[in-house]
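Just follow the structure's listing: the first ligand is 1, and inside any ligand the first atom is 1.
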Amino acid sequence: MSIIKLKNVSKFYYSKGVIASGFSKINLSFNMGEFVAITGESGSGKSTLLNVISGLDTYEEGEMYINGEETSHYTEKDFEDYRRKYVGNIFQNFNLVNSYTVYQNIELVLLLNGNKKKDVKRKVIDLIKQVGLYKFRNTKVSKLSGGQKQRVAIARALAKDTPIIIADEPTGNLDSSSAKAIIKLLSEISKDKLVIIVTHNYEQVEEYVTRKIKMHDGRVLEDKKISEVKKIDERKSAKYKDITRVNKFRLGFRNTFNIIPKFLLIFAVYLFITIAIISEYASFKEQEYIESKSGENYIFSNISDKRIVLKKKDNSGFTDDDYKKISGIENIDYIVKNDLLLDSYINITDDSNFYLGGSVNNIENFRGDLDLGRMPENENEIIIQGSEDDYYLGYQGKSLLEHELYIQNQFNGEVDKSSKVKVVGIAYNKNTQDYNSILYMSDKFINKFSFEQNQAYSKIQILFMNKYRESNSYNTSFGIVSNSHVPKGEAYITSDLSYECPWENCINQTLSIDVNNLYYNEKLDLRISRTYDKRNMQNILGIEDFDSNNGLVYINEEDYNNLFNKANYQSSAFVIDPMKLDETLTELNDIGYKTLAIKDTLVSYGASEMIRIMKSVVTIILVIVLFFISYFVIRVILKSRNKYFSTIRMLGATKKVSKELLIIELLTVSNLAYFSFIILIYLNSINILNIGFMKTILTFLKFSDYLILYIIITLMSYLISQKFSKKLFKKSAMSTIVEEV
Ligand code: ADP
Ligand code: MG
């Protein structure tokens with residue numbers, strides 16, 4: 001039985017509505033051991049016939065039998081199967097992978113057909129020796145001469161050990177001596193195979209072939225036996241499996257790196273995508289963050305995003321132990337014990353036309369560098385941090401330094417001439433949008449303001465001569481003031497009140513002070529031990545200005561502290577890294593404090609939600625645009641890969657395997673690009689590099705963000721490979737190969 005038999009087989013081409021005949025009504029049969037030469041003028045149908053026999057092309061009429069089996073019902077898959085089992089092709093233009101070495105080209109076909117790398121080594125080397133290229137085994141095919149390339153192609157066709165070898169003009173591109181050697185090699189092979197070659201030069205093959213077929217105009221003109229063929233019955237078809245997973249990755253990686261310029265170009269594209277997506281995401285996050293901390297708030301005036309307002313869960317006062325515990329948290333920078341000061345507004349003035357105000361903070365909490373002047377050296381010296389755009393701080397900053405100024409009482413607006421301050425240093429806000437000012441002062445002033453604060457926020461009632469009197473800081477009537485001249489447990493009141501007491505004598509009467517606020521009630525009974533008037537005030541209290549102080553109740557400092565400065569019930573902690581604020585809040589909650597992050601109290605401006613949506617849309621559009629740009633760029637770069645993929649398909653790679661190889665190749669590059677960029681970011685984080693936008697990325701992205709971005713970029717790379725391979729493999733493998741042939 002013949003291995004191949006054609007019965008009245010015709011092949012037509014349909015192109016642009018015109019039917020052309022490839023060949024018609026061919027009747028031929030081929031046996032093992034034959035070395036068949038097909039000749040005929042150009043266009044006579046030789047290539048078409050070989051393609052049909054090879055299973056690279058279909059036929060329209062008649063029947064082709066393979067090993068006696070009809071093939072007219074064969075699907076594309078059946079023909080692929082047939083090719084893998086039976087046919088080794090040698091092409092005029094070699095169809096080798098130029099970027100592979102000789103060894104790799106021959107190994108390729110064996111790997112694609114399911115062999116293990118180490119199992120094929122011997123065989124590949126033997127084949128290379130057989131075609132006389134051992135010296136060149138590690139040379140890239142692109143460096144070989146035409147004759148050498150054709151010998152590689154033959155070795156490759158032999159590697160799979162198929163019963164049929166088909167060669168379309170294998171010597172067409174060779175000089176006559178190389179051609180002779182190739183023909184001789186093929187004739188040796190044909191001893192136990194069927195070898196069919198097409199040639200223009202019959203003289204060249206005459207002495208080797210066993211049969212000559214001459215074609216003319218799509219028909220067989222002559223079919224002549226030249227010499228007798230030994231009968232061979234063995235028709236062992238080649239065994240094959242699908243490529244192993246390891247080899248799939250091996251080939252994928254080989255393809256990634258074996259053409260360096262191509263690798264670099266694709267790498268550059270992916271690096272660009274990676275940088276664009278990550279930076280865009282980081283700036284999106286930055287924007288979101290800036291918006292989250294911008295906004296308005298009518299309760300707090302210090303709206304730093306680093307501020308956390310703290311209370312104890314049982315509403316008791318903070319102790320030193322509490323402060324120690326809070327400071328122990330890594331992200332805590334400093335604590336402002338009486339945080340109400342942060343939200344008060346203190347003015348300093350020259351008492352005529354110049355006012356400069358801001359919230360108050362302790363000098364110890366000042367961070368950063370001064371832009372003008374020096375740090376304070378004594379307790380009356382202060383520094384101011386504020387906007388450079390502020391007229392006094394910015395333009396007049398220098399002339400402000402070293403001048404003595406007064407503090408205005410935050411509650412009654414009066415200028416307190418007894419407390420002079422001197423501005424000795426100015427620092428400008430880093431953020432030019434930040435118009436807040438902070439006055440950094442010594443403990444002396446901080447304590448003074450604290451008392452004023454506590455007094456102002458408490459309801460103070462004074463029971464005097466069986467009548468309750470309201471006391472507040474806004475006027476002098478029954479205002480409570482501490483004074484070092486007054487002994488503990490006693491109170492000095494104005495003699496103006498004497499008319500309320502029996503016999504106009506208030507001495508030894510009781511005056512009770514009742515302080516009531518959010519956190520505590522404190523009641524103190526004091527004995528009135530003296531009364532003051534315009535004449536004795538300086539003497540007994542050390543105060544000159546009777547008129548502006550008349551009416552105040554003077555008490556001992558310790559008593560005063562007991563009433564108004566019992567403890568801090570509300571403090572604020574400032575964090576080092578506002579990006580880690582949420583973690584810090586959790587930690588504070590865990591160790592027993594009620595927390596309020598200032599950024600959460602802000603009411604943002606109405607438009608921002610709209611802007612956010614717009615930004616998200618822009619980001620998504622950017623990703624899509626990037627996808628298409630990179631797809632088209634990569635498509636152009638990979639255009640040269642068409643030949644590679646048609647070659648491996650011809651060698652036995654299925655559509656699926658070809659696609660997977662492409663995906664491995666592109667994913668390898670995209671991963672490399674991604675991780676290269678991550679390394680750059682890392683080098684920034686340890687200050688080996690100092691690239692601005694990477695610093696932004698570092699600040700705003702968390703591990704989970706990197707993970708999400710990794711998934712997005714990998715997915716994008718995957719989709720690009722998918723889209724490209726779909727286009728690449730849209731045409732059937734056969735037509736791609738035939739075109740190449
Ligand atoms: P040969 O190899 O003997 O030079 P071919 O087999 O290539 O001849 O061509 C045989 C005939 O089929 C020619 O008339 C040619 O024009 C036609 N033909 C070959 N390939 C195609 C094709 N892809 N589309 C249309 N016509 C084709
Ligand atoms: Mg041809």
Side-chain angles (χ1 to χ4, degrees), residues 4 6-28 30 35-62 64 71 74 76 79-80 83 87-96 146 149-150 153-154 157 164-174 179 182-183 186 194-206 209 211-224 642-643 645-647 649-650 728-741:
I4 289 174
L6 292 95
K7 208 167 130 189
N8 279 326
V9 176
S10 299
K11 165 79 199 167
F12 304 110
Y13 288 109
Y14 306 91
S15 65
K16 292 171 192 154
V18 181
I19 300 175
S21 168
F23 56 77
S24 55
K25 303 246 184 289
I26 297 278
N27 286 290
L28 285 170
F30 299 97
F35 184 8
V36 187
I38 301 178
T39 65
E41 71 272 27
S42 184
S44 58
K46 306 180 296 292
S47 294
T48 309
L49 181 62
L50 286 198
N51 288 337
V52 169
I53 293 171
S54 306
L56 287 169
D57 213 343
T58 52
Y59 55 92
E60 276 74 33
E61 271 181 19
M64 178 166 82
T71 61
Y74 266 26
E76 192 182 317
F79 273 116
E80 248 174 46
R83 287 182 42 68
V87 187
N89 277 98
I90 301 164
F91 300 97
Q92 184 175 4
N93 56 1
F94 322 124
N95 268 340
L96 296 170
K149 281 182 185 171
Q150 196 57 292
I154 290 169
I164 306 169
I165 301 289
I166 292 174
D168 194 349
E169 303 195 40
T171 58
N173 286 334
L174 306 183
I182 295 292
I183 297 299
L186 288 173
L194 164 62
V195 176
I196 307 173
I197 68 165
V198 160
T199 179
H200 266 112
N201 191 346
Y202 181 69
E203 286 78 53
Q204 202 173 53
V205 301
E206 205 167 13
V209 295
R211 180 175 169 190
K212 175 192 182 190
I213 294 171
K214 188 166 184 192
M215 292 189 68
H216 174 74
D217 203 11
R219 286 168 194 279
V220 174
L221 202 69
E222 183 190 357
D223 183 359
K224 190 167 123 198
N642 281 357
K643 189 176 168 223
F645 284 105
S646 56
T647 302
R649 294 219 48 202
M650 183 203 74
L728 188 60
F729 306 131
K730 196 167 68 194
K731 294 187 259 181
S732 82
M734 302 315 157
S735 56
T736 320
I737 295 161
V738 172
E739 261 172 39
E740 292 293 334
V741 179

Would you say the side chain of L49 lies within less than 4.5 Å of the side chain of V220, judging by non-hydrogen atoms?
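They are not in side-chain contact.
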Mind checking whether F91 and T647 have side chains closer than 4.5 Å, heavy atoms only?
no
Is the closest basic N to carboxylate O distance between E206 and K212 below 4.0 Å?
no
Output the list of atoms in ligand 1 that are nearer than 4.0 Å to some heavy atom of T48, sorted by atom number.
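Those of ligand 1 that fall under 4.0 Å from T48 are 5 (P), 6 (O), 9 (O), 10 (C).
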Within a distance under 4.0 Å of any heavy atom of S42, pick out the atoms of ligand 1 and give their elements.
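Counting atoms of ligand 1 from 1, those under 4.0 Å from S42 are 4 (O).
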Whether [X] side chain and [Y] backbone form a donor-acceptor pair below 3.5 Å:
{"X": "R83", "Y": "L56", "value": "no"}
{"X": "Y202", "Y": "T39", "value": "no"}
{"X": "K46", "Y": "E41", "value": "yes"}

Examine G43 against ligand 1 and note whether any of their N/O atoms are separated by less than 3.5 Å.
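Yes, since at least one N or O of G43 sits under 3.5 Å from an N or O of ligand 1.
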Has ligand 1 got any nitrogen or oxygen that is less than 3.5 angstrom from a nitrogen or oxygen of A20?
no
With a cutoff of 4.0 Å, is G40 in contact with ligand 1, counting heavy atoms of the residue only?
no
For S21, is the nearest heavy atom under 4.0 Å from an atom of ligand 1?
yes
Any N, O or S atom of S47 closer than 2.8 Å to the Mg ion (ligand 2):
yes
